[in-house]
Amino acid sequence: MRMWGISPKLMCRAHLLGEHVEMHMFSGSIKKKISICGYLQKNLVNPYLIEKRHDALAKEMKRRGYAHKSPLHLSLPKNFPKGKINIHKNLAELSKRCTNCKILQKL
């Protein structure tokens, strides 16, 4: 799981929908008090941006004509650890992993 953080418009269908699911998975883990420390330590998620990121992904899904019926509301516990992501590093990683995303990035 990871929060890519790049513009959803640059992502192929699979990565757009995949990250959307992962935002729900992070949210569910936090709500169930399941540790996401490994993701935080590897700079793969910023918990304080999960809801905002989900909404950006959902907006792009709707723009492309995909159905979106899963709102996400996350209230973080007090003093929940902060995380960070490196968008430039993630963009480079996604470019290596996905030809379809790479094509979209050239637009």
Atom [atom1] of [X] and atom [atom2] of [Y]: how far apart are they, to the nearest 0.5 Å?
X: Leu57; Y: Leu16; atom1: CG; atom2: CG; value: 5.5 Å
X: Cys12; Y: Asn100; atom1: SG; atom2: CG; value: 5.5 Å
X: Asn90; Y: Ser95; atom1: CG; atom2: OG; value: 10.5 Å

Practice problem: With sequence neighbours excluded, tell me which residues meet side-chain hydrogen bond (donor to acceptor under 3.5 Å, both in side chains) with Asn46. | Solution: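 Not a single residue meets the side-chain hydrogen bond (donor to acceptor under 3.5 Å, both in side chains) criterion with Asn46.
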
Contacts of Glu60 meeting side-chain hydrogen bond (donor to acceptor under 3.5 Å, both in side chains) (sequence neighbours excluded), chain-then-number -> Arg63, Arg64

Keeping the roles fixed (side chain from Ser27, backbone from Met23), state whether a donor-acceptor pair exists under 3.5 Å.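 Side chain of Ser27 to backbone of Met23, a donor-acceptor pair under 3.5 Å: no, none is there.
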
So do [Y] and [X] actually touch side chain to side chain, heavy atoms under 4.5 Å?
X: Met3; Y: Leu44; result: no
X: Lys59; Y: Asp55; result: no
X: His24; Y: Ser70; result: yes

Output all residues satisfying side chain to side chain contact (heavy atoms under 4.5 Å, CB included) with Leu76, sequence neighbours left out; order by chain, then residue number.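 For Leu76 the side chain to side chain contact (heavy atoms under 4.5 Å, CB included) partners, ignoring immediate neighbours, are Ile30, Pro47, Tyr48, Leu74, Phe80.
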
ask   = For Ala58, which residues count as a side chain to side chain contact (heavy atoms under 4.5 Å, CB included) partner, sequence neighbours excluded?
value =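 Listed in chain order: His54, His68.
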
### Task
Check Trp4 against Met11 and note the closest heavy-atom contact, atom names and distance.
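The pair with the smallest heavy-atom distance is CD1-CE, 3.7 Å.
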
Identify the heavy atoms of Ile85 and Gly5 that sit nearest to each other, and give their distance.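 Closest heavy-atom pair between Ile85 and Gly5: CD1-CA, 3.7 Å.
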
Pairs meeting criterion salt bridge (charged side-chain N to carboxylate O under 4.0 Å, His left out) with involvement of residues 18-37, two or more places apart: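 Applying salt bridge (charged side-chain N to carboxylate O under 4.0 Å, His left out) to every pair that reaches into residues 18-37, excluding sequence neighbours, yields Glu19-Arg53.
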
**Item:** Partner residues of Arg2 under the salt bridge (Lys or Arg N to Asp or Glu O under 4.0 Å) criterion, sequence neighbours left out
**Value:**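 So Arg2 forms no salt bridge (Lys or Arg N to Asp or Glu O under 4.0 Å) with any residue.
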
(request) Just do the salt bridge (Lys or Arg N to Asp or Glu O under 4.0 Å) check on Glu93 and Arg97 with the steps written out, would you? (result) CA-CA 6 Å; Glu93 179 65 26; Arg97 287 186 187 194; 2.8 Å; yes

